[in-house]
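Below: the structure, in structure tokens.
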Amino acid sequence: MSQQVQEKYEESQLYKIRHSAAHIMAQAVLEIFPDGKVTIGPPVENGFYYDFDLPRNLTPEDLETIEKRMRQIVQGKHEFKKTVISADEAKKVFANQPYKLELIEGLEKGGFDEYGNPLKEKPEISIYQHDTFVDLCRGPHVANTKEIKQDAFKLMSIAGAYWRGDEHNKMLQRIYGTAWENAQQLKDYLLQLEEAKKRDHRKLGRELEIFIFDDEVGPGLPLWLPNGGVMIEELEKLAKEMEEKAGYLRVRTPNLTKEDLFIRSGHLPYYAESMYPPMELEGVKYYVKPMNCPMHHKIFASKGRSYRDLPIRLAEYGTCYRYEKSGELFGLMRVRSMQMNDAHIYCGEDQFEQEFMGVIALYHKYFELFGIDKYVMRLSLHAKSGLGKKYVDNQRLWLKTEDMVRRAMDNGGVPYMEVADEAAFYGPKIDVQIWSAIGREFSLATNQVDFAVPERFDLKFTNKEGADEIPLCIHRAPLSTHERMVGFLLEHYAGNFPVWLSPEQVRVIPITDGQNEYAQGIVRQLREQGIRASADISAQRMNAKIRSAQLMKVPYMLVVGENEMNAGQVSLRVRDGSQQNNISLAEFIARMKDRIERRAKEL
RNA sequence: GCCGACGUAGCUCAAUCGGCAGAGCACCCGCCUUGUAAGCGGGAGGUUACGAGUUCGAUUCUCGUCGUCGGCUCCA
């Protein structure tokens, strides 16, 4: 068996091109701002960036000037020369570059690389020079600037970025660029960006009348239009079906609770900045809930529990509110009001692995149903430095729980990657990471293990020996929130939803107004069967009616003219453009019902 | 929250140098009675996001507020 070895990005020609392009850009920028301070400029997924500290803000015109100058520099065929030097020498070279001096000190101590990641061994210090520009850099680079084709790169945007990614540090100016091996690759990439924009859920959401935002309602607070309402109903139906089969019990809890509950849960000490501020009545503070868990814990605690009752799985499509910072809002993907496909599983330690894998199995069923194949499972762990701040202060339990999750994933053969310092405050979590149409990352499904909060709520069950034991709690949301899920589905399907999920499943199109009544009769029969249908009896021509149904991405169009009316039949046009003439309504209904019942991908 | 850009009709976008705010689509009304992605004509629709300021005069220039977008930080 042959195994294909994928070339590491870090070792690829593309990586060198982008890294070198960043240096060339920095040279051009420094020519405009001789006193400008340079920081770091690494290659990224489709290009590169470089962060600068400059005396004034960059303008789009600057970008043009810089790009033009870069084209000249690459033509100069300047060699990239690497020199290994001592820390002291490096400090002399970068004497007036304070950010570089900071980096050199980090390297000298041997603790961290230029991005602040801890290093195993003390790295050597090297500089790269081409033409007039010298940078502290470990490479690698292309041999000379001419390896970068002058028509294969483009500067994309100016953005703010904190020095070392820390919001307490100074805000720098970042220039993003893209660079490729040749002009065709660049062209393809730019085309791909254009295509992605067409899939943007914010654009499709408006066009397909799924949701809107309104300034007077508030940022991050979506209004679901009737079409969006249908999708939500369908998603809830799906979740309830799956959860009922998996032994979940449905509960309902209020949107508002007293402060006491969130003090006990730990949300106020650890999560307060993401919560809406309290409202006070008669001396009592109330908070709008950012999560459902504390209420579910109360339900668990509402009566004595035996080991025989476990696991107990409490599910609720709960509405939560979180005060996301204004700049973090992003269409439906990041909002302030959301409905979570939430549930909490209370179980004994010996049941943990089975329950945990049960949740993962649910993920896989959903992935299969939606045809999701591009995703990454991330196991988010705590960081020692955050204990008592971001994280509940009990390192022993952190390590133990993280091990349990790892073991469960390994035993179940689920591939995943580990990320430090991204856990929930009460325990490690598994996120399913996905990408929006324009390439932004999001966590969709999530699954978190809580070893801390049950104890705070005095949750207990009586074990076989008759002693009290604290249950573990698994928080899970395989379908994420309605908001993020619908946003994701819009982009995933580019609005071409499978029949079961389509807000409007059938549009009946009479050719002349002589068939209006016949068309409306068909709609009545379809609705009788639980099918979402409407008739287009506007004063437009058939072609225009078809066009508007196509634009709304309605899966089935039934065209009815005099022939169909007289024969009691319909002519089916499918969203993909195919058609099937003169079929009976019963035949069409049978086809549809089959697709809907199976939640089939095909039309 | 931070850095930057932007905000004109329901939507997509025009408006020269500071001088009467416009088009297409959608909507309403008529005509056409039509065979698989836009038939024709007419009508209505605006405090140019909001609030100040400069000016004889502001969509245009300045400041503030709100919102959106591109990032950073953060997250379902």
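Proteins come first, then strands; the chains are lettered A, B, ... in the order of their sequence lines, and each starts at number 1.
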Does [X] reach a base, just sugar-phosphate, or nothing at all? Heavy atoms under 4.0 Å.
{"X": "A:Lys429", "answer": "sugar-phosphate"}
{"X": "A:Leu444", "answer": "sugar-phosphate"}
{"X": "A:Ala161", "answer": "sugar-phosphate"}
{"X": "A:Glu422", "answer": "nothing"}
{"X": "A:Ala544", "answer": "sugar-phosphate"}
{"X": "A:Gly514", "answer": "nothing"}
{"X": "A:Met171", "answer": "base"}
{"X": "A:Asn563", "answer": "base"}
{"X": "A:Asp166", "answer": "nothing"}

Task: Polar contact flag, side-chain donor to acceptor under 3.5 angstrom, A:Glu236-A:Asn341 - done: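 No - no donor-acceptor pair under 3.5 Å links their side chains.
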- [ ] State whether a side-chain donor-acceptor pair under 3.5 Å links A:Asn255 with A:Tyr321.
- [x]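 Per modelled atom types, A:Asn255 and A:Tyr321 side chains form no pair under 3.5 Å.
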In whole Å, measure the gap between the [atom1] atoms of [N] and [M] for me.
{"N": "B:rG46", "M": "B:rG10", "atom1": "C1'", "answer": "12 Å"}
{"N": "B:rU36", "M": "B:rA15", "atom1": "P", "answer": "40 Å"}
{"N": "B:rC27", "M": "B:rU34", "atom1": "C1'", "answer": "23 Å"}
{"N": "B:rG1", "M": "B:rC74", "atom1": "C1'", "answer": "10 Å"}
{"N": "B:rC32", "M": "B:rA38", "atom1": "C1'", "answer": "16 Å"}
{"N": "B:rU55", "M": "B:rC17", "atom1": "P", "answer": "23 Å"}
{"N": "B:rA58", "M": "B:rU68", "atom1": "P", "answer": "30 Å"}
{"N": "B:rU47", "M": "B:rC25", "atom1": "P", "answer": "23 Å"}

Selection from [options] that lies nearest to any side-chain heavy atom of [X]:
{"X": "A:Ile546", "options": "B:rA26, B:rU73, B:rU36", "result": "B:rU36"}
{"X": "A:Tyr162", "options": "B:rA76, B:rG35, B:rC2", "result": "B:rC2"}
{"X": "A:Glu328", "options": "B:rC32, B:rU36, B:rU73", "result": "B:rU73"}
{"X": "A:Arg206", "options": "B:rU36, B:rG1, B:rC11", "result": "B:rC11"}
{"X": "A:Ala159", "options": "B:rG1, B:rU36, B:rG71", "result": "B:rG71"}
{"X": "A:Tyr176", "options": "B:rG35, B:rA76, B:rC72", "result": "B:rC72"}
{"X": "A:Glu167", "options": "B:rA37, B:rC72, B:rU73", "result": "B:rU73"}

Interatomic distance where [atom1] belongs to [X] and [atom2] belongs to [N] [whole Å]:
{"X": "A:Met552", "N": "B:rA26", "atom1": "CE", "atom2": "C1'", "answer": "12 Å"}
{"X": "A:His168", "N": "B:rC74", "atom1": "NE2", "atom2": "C1'", "answer": "12 Å"}
{"X": "A:Met340", "N": "B:rC75", "atom1": "CE", "atom2": "P", "answer": "14 Å"}
{"X": "A:Asp215", "N": "B:rU65", "atom1": "CG", "atom2": "C1'", "answer": "13 Å"}
{"X": "A:Tyr366", "N": "B:rA76", "atom1": "OH", "atom2": "P", "answer": "19 Å"}
{"X": "A:Lys325", "N": "B:rC3", "atom1": "NZ", "atom2": "C1'", "answer": "14 Å"}
{"X": "A:Asp536", "N": "B:rG35", "atom1": "CG", "atom2": "C1'", "answer": "15 Å"}
{"X": "A:Phe425", "N": "B:rC75", "atom1": "CZ", "atom2": "P", "answer": "13 Å"}

- [ ] Would you please classify the geometry between the A:His475 ring and the A:His297 ring as parallel, tilted or perpendicular, with 30° and 60° separating the classes?
- [x]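 Answer is perpendicular, since the angle exceeds 60°.
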Can you say whether a donor on the side chain of [X] sits under 3.5 Å from an acceptor on the base of [N], or the other way round?
{"X": "A:Arg484", "N": "B:rC75", "result": "yes"}
{"X": "A:Glu216", "N": "B:rG67", "result": "no"}
{"X": "A:Arg322", "N": "B:rC75", "result": "no"}
{"X": "A:Glu324", "N": "B:rA76", "result": "yes"}
{"X": "A:Arg573", "N": "B:rA37", "result": "yes"}
{"X": "A:Thr481", "N": "B:rA76", "result": "yes"}
{"X": "A:Arg334", "N": "B:rC74", "result": "yes"}
{"X": "A:Asn543", "N": "B:rU36", "result": "no"}

Is the phosphate of [N] approached by [X] (side-chain N or O, under 4.0 Å from OP1 or OP2)?
{"X": "A:Gln448", "N": "B:rC75", "result": "no"}
{"X": "A:Asn57", "N": "B:rG4", "result": "yes"}
{"X": "A:Thr446", "N": "B:rA76", "result": "no"}
{"X": "A:Arg202", "N": "B:rC69", "result": "yes"}

Go ahead and name the base partner of [N]; Watson-Crick or wobble counts if both distances stay under 3.5 Å, otherwise write none.
{"N": "B:rC72", "result": "B:rG1"}
{"N": "B:rG45", "result": "none"}
{"N": "B:rC25", "result": "B:rG10"}
{"N": "B:rU59", "result": "none"}
{"N": "B:rG30", "result": "B:rC40"}
{"N": "B:rG35", "result": "none"}

Open item on the list: Less than 6.0 angstrom from the centroid, inside 45 degrees of the normal: does A:Arg336 satisfy that with respect to the ring of A:Tyr323?
Closed with: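 Judged by the rule, A:Arg336 and A:Tyr323 form a cation-pi pair.
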Task: Six-ring centre of A:Phe48, A:Arg18 cation under 6.0 angstrom, axis tolerance 45° - done: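 Not satisfied by the 6.0 Å and 45° rule.
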Hey, do the aromatic rings of [X] and [Y] have their centres closer than 6.0 Å?
{"X": "A:Tyr287", "Y": "A:His267", "answer": "no"}
{"X": "A:Phe330", "Y": "A:Phe442", "answer": "yes"}
{"X": "A:Phe451", "Y": "A:Trp398", "answer": "yes"}

Task: Earlier contact from the 5' end, RNA chain B, for A:Leu172 and A:Leu332 - done: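 Comparing both residues, the 5'-ward one is A:Leu172.
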Task: Toward the 5' end of RNA chain B, by each residue's nearest nucleotide, A:Ser274 or A:Leu329 - done: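 The residue mapped nearer the 5' terminus is A:Leu329.
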Open item on the list: Can you tell whether the side chains of A:Arg164 and A:Asp166 come within less than 4.0 Å, N to carboxylate O?
Closed with: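 Looking at A:Arg164 and A:Asp166, the cut-off is not met.
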Task: SG on A:Cys293 to CG on A:Leu314, rounded to 0.5 Å - done: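 With rounding to 0.5 Å, CG (A:Leu314) is 12.0 Å from SG (A:Cys293).
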